[in-house]
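In what follows, chains are A, B, ... by sequence order, proteins preceding strands, each numbered from 1. Predicted, not measured: the structure shown is a model, and the values here were computed from it.
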2 protein chains.
Amino acid sequence: MDMPAPPPPPHQISDQCRKLSTVLSLVGDKWTVMIVMVLRDRPRRFNDIKRTIGGISQQMLTRTLRALERDGMVSRTVYPTLPPQVEYALTDLGRSMSEPVHALGQWAGAHLDQIEGHRADFDGRTA
Amino acid sequence: MDMPAPPPPPHQISDQCRKLSTVLSLVGDKWTVMIVMVLRDRPRRFNDIKRTIGGISQQMLTRTLRALERDGMVSRTVYPTLPPQVEYALTDLGRSMSEPVHALGQWAGAHLDQIEGHRADFDGRTA
DNA sequence: CAGGATCCTCATTGATACTG
DNA sequence: CAGTATCAATGAGGATCCTG
């Protein structure tokens, strides 16, 4: 069969991106970033995190922490006291991730007004 | 009324984060990052983007591009030819954003295996 | 205190068909 | 080609109640 080169698929980019989006979607998650940021200064307990963030349901906090634990970003330590204490902390991996995330946060902070300006502009023109 | 100091709300962090999450959620969006990455090398036309990404509905492509345009990340130029041509390109702001996003992508790529390892581990222990 | 189980609601996404 | 409009399905996220 004379097919010297298999047709190079035009979506190498998307394939790579698709794998990355698995991780990227972590960052886009409404709560994940907040939790990582909160845990950045020090380990905290469940309701401590809940109170600090404020506005998150325990359902979502549980789920998000589970997801972070699953990805190895957060460690979960149970102290069998009474009442039980569970402490969440960033792992090395989690702390490592928090750096580029923080950088992105910096950028976002620096350009927030600009973006909101564009939005108001756009909405004004559209209305 | 003797309330010398208004009770300092314990969620200064969350307030800041909430504003940032407006921008951060852009990054987490499944398609936004891909589109930005695709537009990073050169301006492209609608169906060109669609084909390159592959798997995105025209509905979502339209919406995501609109959102990016609204935020001032992407410019939309219409050439009144027949058939019509519409070219999308990153603005300076968009290109600026693509840098920390790219950094995050680098990180994600570098740690993808590690993360997937953790996931497999976790799922194994849980199952 | 930490979190599992349920139920419910609304936003996001996709598929399809139509238009300038 | 580059959209808009409509409909249907899926899932995220919140509220509530209950347990170890």
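- The structure places CG of B/Asp48 at 10.0 Å from CD1 of B/Ile53, a figure rounded to the nearest 0.5 Å.
- B/Leu65 has its CG atom 15 Å from the C1' atom of D/dT4, to the nearest Å.
- Nucleotide D/dG14 holds its C1' atom 15 Å from the CD1 atom of A/Ile53, rounded to whole Å.
- Here D/dC1 presents its P atom at 10 Å from NZ of B/Lys50, a figure rounded to the nearest Å.
- Checking C/dG4, C/dG3, C/dC1 against the side-chain heavy atoms of A/Asn47 singles out C/dC1 as nearest.
- Under the 4.5 Å side-chain heavy-atom criterion for grouping Ile, Leu, Val, Met, Phe, Trp and Tyr, A/Val86 is not connected to A/Leu82 through any hydrophobic cluster.
- Straight-line distance from the CG atom of A/Asp48 to the C1' atom of C/dC1: 12 Å, rounded to whole Å.
- In the hydrophobic clustering of this structure, A/Leu93 groups with A/Tyr88; members are Ile, Leu, Val, Met, Phe, Trp, Tyr whose side-chain heavy atoms approach within less than 4.5 Å, directly or through other members.
- Follow the hydrophobic side-chain contacts under 4.5 Å out from A/Leu104 and you reach B/Trp107 in the same cluster.
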Whether each nucleotide of nucleotides 9-20 of chain C has a protein heavy atom under 4.0 Å at its base (B), only at its sugar-phosphate (S) or at neither (-) is summarised, 5' to 3', as ----BBBBB--B
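- Distance CG (B/Leu61) to P (D/dG3): 8 Å, rounded to an integer number of Å.
- Taking the screw axis at each terminus of the helix from C/dC1-D/dG20 to C/dG20-D/dC1 from five consecutive base pairs, the angle between the two is 50° to within rounding of 10 degrees.
- Between A/Tyr88 and C/dC1 there is no side-chain polar atom (N or O) within less than 4.0 angstrom of OP1 or OP2.
- At a threshold of 4.0 angstrom between heavy atoms, the contacts of A/Tyr79 with the nucleic acid are absent.
- Ion pairing between a basic and an acidic side chain is recognised when a charged N comes within 4.0 Å of a carboxylate O; A/Glu69 and A/Arg66 show such pairing.
- The CZ-P distance, from B/Arg76 to D/dA2, rounds to 10 Å in whole Å.
- Listed for the A/Thr62 side chain is a donor-acceptor partner under 3.5 Å among the backbone atoms of A/Gln58.
- Remark: B/Arg45 is not in phosphate contact with D/dG3, judged by side-chain N or O atoms under 4.0 Å from OP1 or OP2.
- Taking atom CZ of A/Arg66 as the reference point, atom P of C/dG3 lies 7 Å away to the nearest angstrom.
- Residue A/Asp121 is tested with A/His118, A/Arg125, A/Arg119 for a side chain to side chain donor-acceptor pair (under 3.5 Å); the sole match is A/Arg125.
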For A/Leu61 and A/Ile35, what are the C-alpha separation, side-chain angles and deciding distance, and is it a side chain to side chain contact (heavy atoms under 4.5 Å, CB included)?
CA-CA 9 Å; A/Leu61 183 52; A/Ile35 293 178; 3.6 Å; yes
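- Within 6.0 Å of the CG atom in A/Asp123, the count of heavy atoms belonging to other residues, nucleotides or ligands exceeds 12.
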